[in-house]
Amino acid sequence: MAHEHEHDRSAADEASEYDIPAIERKWQGVWDELKPFASGNPEDKRPRKYVLDMFPYPSGDLHMGHAEAYALGDVIARYWRLQGFNVMHPIGWDSFGLPAENAAIKRGIDPRVWTYANIDQQKASMRRYAASFDWDRELHTSDPEYYKWNQWLFLELFKKGLAYRKDSWVNWDPVDQTVLANEQVLPDGTSERSGAIVVKKKKTQWYFKITDYADRLLDDLNQLEGAWPSKVIAMQRNWIGRSVGADVDFEIEGRAEKVTVFTTRPDTLYGATFMVVAPDSDLAAELVAGSTATARMAFQDYLEQVQKSTEIERQDASRPKTGVSLDRFAINPVTGERMPIWVADYVLADYGHGAVMAVPAHDQRDLDFAIKFDLPIRVVVDTNAPITTSIPVLELDENGEAILPDDLPPLDPRSTGTALTGDGRMINSGPIDGLSKTHAIKKIIEQLSAAGNGRAAKTYRLRDWLISRQRYWGTPIPIIHGSDGALLPVSEDQLPILLPPTEGLDLQPKGQSPLGAAEEWVNVPDPRDGSPALRDPDTMDTFVDSSWYFLRFLNPNDETQAFDPRLADKWAPVDQYVGGVTHAILHLLYARFITKVLFDLGYVGFTEPFTALLNQGMVLMEGSAMSKSKGNIVSLSEQLDLHGVDAVRLTMAFAGPPEDDIDWADVAPAASAKFLKRAWRLAGDVTSSPDIEWRTGDQALRRLTHRFLAEGPGLIEAFKFNVLVAKIMELVNATRKAIDTGAGGGDAAVREATEVIAIALSLFAPYTAEEMWQKLGYEPTVALAGWRKADPTLLVEDSVTAIIQVDGKVRDRVTVSPKIGSDELEKLARASAGVVRAVGDREIVNVIVRAPRVVNIATK
RNA sequence: GCCUCUGUAGCUCAGUGGAAGAGCAGAUCCGUCCUAAGGAUAUGGCCGGGGGUUCGAAUCCCUCCAGGGGCACCA
């Protein structure tokens, strides 16, 4: 620090001190005035990019997880701005939902009050955090101006038959007293929100018909390959769970209608020796009703036992098989054999048709069951037979059996206990004998189709999206129930249907929507004839809100439409989406679905909402997720007060690859703060003026600077933020060295490097970067300074070191021109002292030359 | 059980056929009334183990081990 400042430090201007709180205050004001992150100017000629962070639920204050996500998303937004793009980087609030309602109940206040107070608080923290959001686009999903368009969207789906009511078994959360979508139930059978064990209830509810889009949701994942994390793509594929096979109809003795089952292995139909029906299915109840009294009693006992078991128990595949016979029979359509019908809980009521044809020889579950209950087993695929891609021609003996090598294991699943699930050659299967699996499947489907008792079929694990919720703080469903049961859509000019005030309403969860008790609200005239009718009392799943919010950001204040299709053409889909992997299925699947619906309705011209996706990891503390119960919560505001916003943001970016978790115990925000101050000091030590001629500067430092400029964009675009930060550190160290022991503070290369450092740091540490930029003699803002182009002449080295190996070991090295020829390099290598010594009197058998980098001399 | 990702310095990670690297932390020294800021220097590695391919392997192939994630009675 210069001496003259030491005497009047108290009066020193802000710029001569690295006074973090003062710097933060100063630049927030400047940004508010300059609005460098506004993206709404229609005259703006820059190319456009849409960078979106998943919007937060307003829980009260920012936490470490938000801090990581918004730091990383901001790096990308700021980077594209430096590359000359008009970047739309909006933020809003996912402000409907249960936490607000539960908090309101606890405190006896309106959820609105709690929600909007939280938003105010959280917004202040966010502004301090200096994410480069375009605040002009802020939206709240709990505003009537927003949820009006949820209702519009619902009606669009209703008109298309994609929103419908059905009576079905639903997931019921006994704590929050509401139904849940399948996606909101964790694999262990608990609610993702309340943690309660979810139970099944039979209820009539609203669904969105996402299963109509199952194929497109699955197939379009291919477009996202490489642009979305492969983990998320895999999870979505699993979730949709398409199986390809056939439906086969079985005649039932004593029943007029056939029973259809789905199978992925229609080729094994000749080996189907019994049928298994889900115990909790309507089919089982009906079949047993027509059976003997003994069967009915056994079934009743079994059903009760099944219904007592939890979802977790039921999902344990290692559990021994259980079941009872219904004493009814199906007829195998190809063999004509009688097949006993059993019920067993390994068959699920809500998958396929709730019944399976059991092929014990070739399916492990069926085999386990057949062995336990001594049911017939017939092998129909010879898995020992060789497979060819065409119809195989095999050596057969006089009985028509394939001639096999002696050492193959026998085909006897009953004694081995292992089903033969592999490919092979069909046997015991009449007209399809001799075929391989693929051909047999094709042929049997043809035969079944021709006979009218089967057809090709697909089935999915994906279920329709249950969107009704029996709670207050959400979007009212725009449907009126006529006294005759008619479902009457509210006309669009009546929207929004506002939530009634909470006064006089009991929000306490009790299994029925609190809205149903709002007499004045719920009782409406039938739009057809004015007779008494009722509003639908349920509210929508808040995932409806977030399934299209990225479009509302385009013109969040538009009162005439949900979004402007012309703006959607310009800005959407989102170029870069950033958020946690917790939404890998839920939100992302729903948003993809709604986007495809909007495409089909002609509102948007694209079918995928998020072109690229980055999942950031979690912030942990000492190896585990931060939680109140563990008592390991690190307070973000404390960290910000301690180290400054810039240091915390830099730490988030530097800690590792963005998708990895950050353990706050392993990182050093204080070291980041130290580094930032070190970088900041460079700007004060630059004594040249901005118009200095770069070319006169120190060449070594210039080379380093321009190599940095050349590789920076690739690192950012590959999300290797941590690597870029390490490179900035290197550049800072080299510049420091040039100032102290080399070219000095007046050198042009020192100024150039420091400017580049300020620009690069603006991605991670905006306050420090602005401060440096100003010290270097420029007007704000560094955020729009632009990423400089690397000078290609500074990227080529004028000499390189070639290594000389003898038998793979380095024995010498020579400094050569990067353009040296192979012959010349080989000559140099053979003559080198190290090589002569190492080779000695051995014979040289081979010389590999890779000019200009390496020569390897092999000896005998 | 199946699928998938990851094992490189104390920590976080680069490097993905051609000399094992960076940042941070730690160590020592300079500096200082003390502390700190600041600066300098050196240290630190069976590249998870084993086998193979190659003139040459951290890098490619096989196999095993360890850890993370996902799926799992879905016919």
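In what follows, every chain begins at residue 1, and chains take the letters A, B, ... in the order their sequences are listed.
Atom NZ of A/Lys737 is separated from atom C1' of B/A40 by 9 Å (rounded to the nearest Å). Following rounding to the nearest Å, A/Trp239 (CH2) and B/C71 (P) show an atom-to-atom distance of 8 Å. We find that CD1 of A/Ile848 is positioned 12 Å from P of B/A57, with the value rounded to whole Å. The interatomic distance linking A/Leu620 (CG) with B/C11 (C1') rounds to 15 Å, in whole Å. Here the C1' atom of nucleotide B/G38 and the CG atom of A/Leu682 are 13 Å apart, to the nearest Å. Rounded to an integer number of Å, the gap from A/Asn238 CG to B/G69 C1' is 12 Å. We find that CZ of A/Phe675 is positioned 12 Å from P of B/G39, with the value rounded to whole Å. Distance, A/Arg707 CZ to B/A22 P: 13 Å, rounded to whole Å.
Comment: A/Glu826 engages A/Arg830 in a salt bridge, judged by a side-chain N to carboxylate O separation of less than 4.0 angstrom. A/Lys737 has no carboxylate O lying under 4.0 Å from a charged side-chain N of A/Glu730, or vice versa, which leaves the two without a salt bridge. Here A/Arg319 pairs with A/Asp345 in a salt bridge; the nearest charged N to carboxylate O distance falls below 4.0 Å. Note on A/Asp812 versus A/Arg837: no salt bridge recorded, every NZ/NE/NH1/NH2 to OD/OE distance being 4.0 Å or above. In this structure, A/Asp363 does not pair ionically with A/Arg265, as no charged nitrogen and carboxylate oxygen lie closer than 4.0 Å. Ion pairing of A/Asp823 with A/Lys827 is absent here, as no side-chain N (NZ or NE/NH1/NH2) approaches a carboxylate O to less than 4.0 Å. Ionic pairing of A/Asp280 and A/Lys200 is not present here: no N-O contact between side-chain nitrogen and carboxylate oxygen is shorter than 4.0 angstrom.
A/Gln805 comes within 4.0 angstrom of a base, heavy atoms only. Within 4.0 Å (heavy atoms only), A/Gly656 reaches sugar-phosphate atoms of the nucleic acid but no base atom. If you check every strand for non-hydrogen atoms under 4.0 Å, A/Ala671 touches sugar and phosphate atoms only. Among the protein residues, A/Asn733 comes within range of the sugar-phosphate backbone only, with heavy atoms under 4.0 Å from sugar or phosphate atoms but none that close to a base. Looking at heavy-atom distances under 4.0 Å, A/Arg736 makes contact with sugar-phosphate atoms alone, never a base. Nucleic acid contact class of A/Ser230 (heavy atoms, under 4.0 Å, all strands): none.
Of the N and O atoms on the side chains of A/Thr260 and A/Asp247, not one donor lies less than 3.5 Å from an acceptor on the other residue. Side-chain polar atoms of A/Tyr270 and A/Asn332 form no donor-acceptor pair below 3.5 angstrom.
For B/G18, the OP1/OP2 oxygens have no side-chain nitrogen or oxygen of A/Arg813 closer than 4.0 Å. Distances shown here put every side-chain N or O of A/Asn722 at or beyond 4.0 Å from the OP1 or OP2 atom of B/G23. A close approach under 4.0 Å does occur between a side-chain nitrogen or oxygen of A/Ser243 and OP1 or OP2 of B/A75. OP1 and OP2 of B/G23 both lie 4.0 Å or more from every side-chain N or O belonging to A/Lys674.
Separating the P atom of B/C33 from that of B/G26 is a span of 25 Å, rounded to the nearest Å. Separating the C1' atom of B/G44 from that of B/C11 is a span of 13 Å, rounded to the nearest Å. Spacing of C1' atoms, B/U6 relative to B/C47, comes out at 14 Å, to the nearest Å. For the P atoms, the distance linking B/C61 with B/G17 amounts to 11 Å, nearest Å.
Remark: the A/Lys321 side chain and the B/C73 base include a donor-acceptor N/O pair separated by less than 3.5 Å. A/Asn856 contributes a side-chain N or O that forms a donor-acceptor pair with the base of B/C55 under 3.5 Å. Side-chain to base pairing of A/Arg850 with B/G18: one donor and one acceptor N or O lie within less than 3.5 Å of each other.
Taking the nucleotide of RNA chain B with the nearest heavy atom to each of A/Phe262 and A/Asp807, the more 5' of the two is matched to A/Asp807. Both A/Asp661 and A/Met729 sit near RNA chain B, but only A/Asp661 has its closest nucleotide nearer the 5' end.
Consecutive Watson-Crick or G-U pairing (both distances under 3.5 Å) extending over three or more pairs maps onto RNA chain B as B:1-7 with B:65-71, B:10-13 with B:21-24, B:27-30 with B:38-41, B:48-52 with B:60-64.
The ring of A/Phe274 has its center no closer than 6.0 angstrom to the ring center of A/Trp342.
Residue A/Asp660 has its side chain nearest to B/C13 when only B/G18, B/C13, B/A19 are considered. In this structure, the nucleotide among B/A75, B/C55, B/A37 sitting nearest to the side chain of A/Lys677 is B/A37. For A/Pro657, the side-chain atoms get nearest to B/A14 when compared with the rest of B/A14, B/C24, B/A37.
Heavy-atom contacts from other residues, nucleotides or ligands closer than 6.0 Å to CZ of A/Arg853 number 12 or fewer.
Less than 4.0 Å separates RNA chain B from at least one heavy atom of each of the following residues of residues 344-356 of chain A: A/Asp345, A/Tyr346, A/Val347, A/Leu348, A/Tyr351, A/Val356.
Ring planes of A/Trp680 and A/Tyr18: tilted class, angle from 30 to 60°.
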